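Below is one structure, written out as structure tokens, with a few remarks after it.
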Amino acid sequence: MTTVIDISVRTLVEYVYRTGSIESGFRVAQSMQEGTRIHKQIQEGYGEHGEKEVHLKTEIAYHDLLFRIEGRCDGLWVDEQGLLTVDEIKSTSISAEDIGDGREVHWAQAQMYGYILAQDRHLEQVRIQLTYVHKSSGKETKLERIQTRAQLQQFANDTVAEYAPYAEMIAKHRQKRNDSIEQLAFPFAGYRSGQRKFAGAVYKTIGEKLNLFAEAPTGTGKTISTLFPAIKSIGSEQAERLMYVTAKTVTRANAEEALQRMENSGLNLHGVTITAKDKVCFCSANSTGGRDNCEYTEGYYDRINGAILDMMSNETLMTRTVIEQYAQKHHLCPFELSIDASYASDAVICDYNYVFDPKVSFKRLSDDMRKKTILLVDEAHNLVDRGRNMFSAALNKSAFLDLKRDYKDSAESLAKISSAINAYFIRLRKQGEDGKLIQRQQAPEEIFPLLEEFVIRAEVTLLEQGDQGDIQLLLETYFAVQAFLRIGRLYDMESHMTYAEVQGSDVHLWMFCIDPSLQLRQTAKGYRSVIHFSATLSPIRYYRDMLGAEEEDYNISIPSPFSREQLEVQIVPLSTRYRDRERTRTELANVLAQLINKRPGNYLAFFPSYQYMQDVIDIFETLDVETDVLIQQSGMAEEERDRFLNAFQSDNPRTLTGFAVMGGIFSEGIDLAGDRLTGVIIVGVGLPQIGPERELIREHFSQAGFNGFDYAYVYPGMNKVLQAGGRLIRTEEDRGLLMLVDDRFLQRPYYQLLPTEWRSDSQS
């Protein structure tokens, strides 16, 4: 049976011909807008008989494989002698001398286009041309080769033959995968209450190519209820892969455990977990001089194909540990290995950033691949504020002033453009007063050309002086400018606001995404289906609005699988408003002390801020309380977090009270089942701190006809409350006390946002 392999020209040639080392970050962060401008500039010179952006496709058979190859040629034309020229345009920051004979992978891309054209147009020979354009000077370097049809055919056949072992491995695996999925049963003895309905809704949504917004309380089994039907959809060829994206490490571990459980039940699937670069890279631990000089990126592309074949022929679930083992074996960067493995895997577990953030999202994930991918968005309530951050960008005046001074002698052109940008900020500063916001609806278009020029000058300087002196500020500013330009291209006046804040001599310029729904909706459109799920998506209208739901998208709410008798709720009507905290903190400390002395066990007390928490702890520790105390610290390492959680054991000889912050690492995703947790105390209604961004959100949604205060403060705050309270009852056997400390819990709209089981108990 012939297996069809659909592949782009670029993907094919990069696999076979890309060699050498991973380039440092600034070299590959080139401005897409700049590249597009250069392409258009060259293409305009083709004349009336030239063609540009020509879509090409062909088929090449190899053993039991049929390669369907397609791509888009930058340009082609026929000269006076009737010879067809295929042009491949590349923008570059390196000099003509360093270009030399051109990169093999670029030649391969152009030659593949030449082969397709020679076949389609029955040409005996074709001129292959590479046009390199220096981004700073605009200087063109043209390299050309004339090749016969026979030479091009031999090249194409050789290229396919090099790729074939990888394609055969993937094809065999997919058959084995689909057979295993067909036989796969739900990996538990039975479905929990509401779980079958939830899984069915996921499968139906994927089948209809729509999106789903699911609120499924703690204990529903959200991870398996989404992964199992998504994998079944892959087995029925409704999709080819899934991506499980989340905001926290602990929920990624839940997804890994669910895949492992299904593998134990017979599933054969390639899954890879992407761990953050700072956590996994060997070069940091080995102090090899920084990532730009990392021994694991040197010659990376000479070894990566063999490593992928090795790992994916012998492994199924590629967790961090597995990735590190093969990275050491093949002397590769583990982070880059995980990224390369993800493009060939059936399931990818990763952070939101790799899908939604325009700065770091998967660049080689083609539109066609996205259309065949199911997106599972865990803890989707987090995506609202994460989306705002991902689609916002900021710059500070001080960075450009420092660069102007630092490079006035060594890089005059860089210093000059930095001075021009600094001058722009000075003009901006004159419009405002210290601490005052300058805001407008439009993007700051006038600074964009200056920033584009800065990118070019910075790249030249980094190439020329990269190993000399301290370049940290230049690198940081370079990446910040790239991010600013990228958001500038996405800027939408309906969802963004530009504001500047004067802070002494400095100026902070921010393109702030007030409403991330437009960008999130645009991202979702590229995927087969997007399943948003969380224990807390109330009110559902708010989350549908914020996460970019289309009118036809589904939403479902699964009732709690636990009985009301498992949870005792107490509301203490004590004001925790900012203005009242100093007055009521002694009373609050006494409330906590009385509870803990009366009912020994393990407690977690959640506060709206570190400062407020510490103020209450200072009083609490002066009281006669029989308890050990743990306190969440800012920026805790993974080992410290583990020690904090591991202290909560069912057989603790003494009462244990953990103090933590709402919305922090211990208020979501952690699982302290049984007697590991006796009670949860939630202090306050979780409202975000008043600030410029929150006020812009409030004003924006008020003008749009919504309750702006609820959108900016109440809904995000109460979500933190619901998440923290969800730590308490985790299984059918759990019992516990939930204490809500704030008089607003008895008032609208806060009371109405409490789950039914919380409200009914508090009334009894």
Side-chain angles (χ1 to χ4, degrees), residues 358-359 384-403 418 420-451 454 476-477 479-519 545-546 577-579 608-609 611 663 686-717:
K359 297 183 285 295
V384 179
D385 280 340
R386 283 287 297 272
R388 285 195 176 105
N389 289 333
M390 288 187 285
F391 302 122
S392 300
L395 292 173
N396 286 320
K397 172 186 178 298
S398 57
F400 298 97
L401 178 59
D402 289 343
L403 290 174
S418 299
I421 297 171
N422 183 63
Y424 166 86
F425 277 103
I426 291 173
R427 294 192 296 273
L428 204 56
R429 187 176 62 196
K430 291 178 180 177
Q431 299 175 28
E433 301 171 5
D434 196 6
K436 178 183 176 182
L437 283 188
I438 306 161
Q439 64 184 69
R440 63 183 182 186
Q441 202 70 49
Q442 298 80 13
E445 298 279 355
E446 59 271 32
I447 198 176
F448 292 159
L450 299 176
L451 297 177
F454 176 86
E476 289 175 358
T477 308
F479 287 122
V481 168
Q482 288 280 24
F484 201 86
L485 288 169
R486 197 172 286 111
I487 297 304
R489 291 188 283 277
L490 297 173
Y491 193 99
D492 177 80
M493 288 197 296
E494 295 298 316
S495 55
H496 282 83
M497 175 71 75
T498 298
Y499 76 83
E501 186 174 12
V502 179
Q503 300 171 331
S505 61
D506 202 5
V507 181
H508 178 82
L509 178 63
W510 186 269
M511 289 188 293
F512 178 58
C513 181
I514 298 174
D515 180 358
S517 61
L518 173 64
Q519 302 299 338
D545 286 347
M546 292 293 93
R577 295 169 181 83
Y578 187 79
R579 65 176 182 269
S609 72
Q611 185 59 57
L687 302 189
Q689 186 174 352
I690 293 175
E693 289 89 356
R694 285 288 151 187
E695 286 301 288
L696 287 173
I697 295 169
R698 181 187 60 78
E699 183 180 343
H700 172 85
F701 286 103
S702 294
Q703 291 176 354
F706 300 97
N707 186 317
F709 185 77
D710 285 354
Y711 269 55
Y713 295 99
V714 175
Y715 298 153

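All values below were derived from every heavy atom in this structure, side-chain atoms included, with hydrogens, water molecules and symmetry-related copies excluded. When a residue number appears, it is its place in the shown sequence, counting from 1. Everything numeric here is computed off the predicted structure, so don't read it as measured data.
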Interatomic distance, [X] atom [atom1] to [Y] atom [atom2] [nearest 0.5 angstrom]:
{"X": "S517", "Y": "D492", "atom1": "OG", "atom2": "CG", "value": "9.0 Å"}
{"X": "L450", "Y": "N422", "atom1": "CG", "atom2": "CG", "value": "11.5 Å"}
{"X": "M390", "Y": "D385", "atom1": "CE", "atom2": "CG", "value": "10.5 Å"}
{"X": "I421", "Y": "L509", "atom1": "CD1", "atom2": "CG", "value": "11.0 Å"}
{"X": "E501", "Y": "Q503", "atom1": "CD", "atom2": "CD", "value": "4.5 Å"}
{"X": "I690", "Y": "E695", "atom1": "CD1", "atom2": "CD", "value": "6.0 Å"}

pair [X]-[Y]: side-chain heavy atoms closer than 4.5 Å:
{"X": "L395", "Y": "L451", "value": "yes"}
{"X": "K430", "Y": "I426", "value": "yes"}
{"X": "F484", "Y": "F448", "value": "yes"}
{"X": "Q439", "Y": "L696", "value": "yes"}
{"X": "V507", "Y": "N396", "value": "no"}
{"X": "M497", "Y": "Q441", "value": "yes"}
{"X": "D545", "Y": "F701", "value": "no"}
{"X": "I697", "Y": "R388", "value": "yes"}

Inset, instruction - Kindly indicate, with the supporting measurements, whether the criterion side chain to side chain contact (heavy atoms under 4.5 Å, CB included) is fulfilled by R429 and S505. - result: CA-CA 8 Å; R429 187 176 62 196; S505 61; 3.9 Å; yes

Give the minimum heavy-atom separation between [X] and [Y], together with the two atoms involved.
{"X": "L687", "Y": "V714", "result": "CD2-CA, 3.8 Å"}
{"X": "P358", "Y": "I487", "result": "CG-CD1, 3.9 Å"}
{"X": "P516", "Y": "G387", "result": "CB-C, 3.9 Å"}
{"X": "P688", "Y": "A712", "result": "CG-O, 3.8 Å"}
{"X": "S392", "Y": "C513", "result": "OG-N, 2.8 Å"}

Inset, instruction - Report the relative orientation of the aromatic rings in F454 and F400; use parallel for angles under 30°, tilted for 30 to 60°, perpendicular for over 60°. - result: perpendicular

Inset, instruction - Classify the angle between the aromatic ring planes of H508 and Y499 as parallel (below 30°), tilted (30 to 60°) or perpendicular (above 60°). - result: tilted

Inset, instruction - Just do the side chain to side chain contact (heavy atoms under 4.5 Å, CB included) check on F425 and D506 with the steps written out, would you? - result: CA-CA 8 Å; F425 277 103; D506 202 5; over 6 Å; no

Look only at the side chain of [X] and the backbone of [Y], and say whether a donor-acceptor pair between them is shorter than 3.5 Å.
{"X": "T477", "Y": "A399", "answer": "no"}
{"X": "Y424", "Y": "E446", "answer": "no"}
{"X": "D710", "Y": "Y715", "answer": "no"}

Legend entry - Among K359, H496, M511, the one residue meeting side chain to side chain contact (heavy atoms under 4.5 Å, CB included) with F391: H496

Legend entry - Carboxylate-amine/guanidinium contact R440 E445, below 4.0 Å: no

Legend entry - Worked verdict on Y713 versus Q689 for side-chain hydrogen bond (donor to acceptor under 3.5 Å, both in side chains): CA-CA 8 Å; Y713 295 99; Q689 186 174 352; over 6 Å; no

Inset, instruction - Examine the side chains of S702 and Y711 and answer whether a donor and an acceptor come within less than 3.5 Å of each other. - result: no

Inset, instruction - Using the side chain to side chain contact (heavy atoms under 4.5 Å, CB included) rule, take E494 and D515 through it: C-alpha gap first, then chi angles, then the decisive distance, then the call. - result: CA-CA 8 Å; E494 295 298 316; D515 180 358; over 6 Å; no

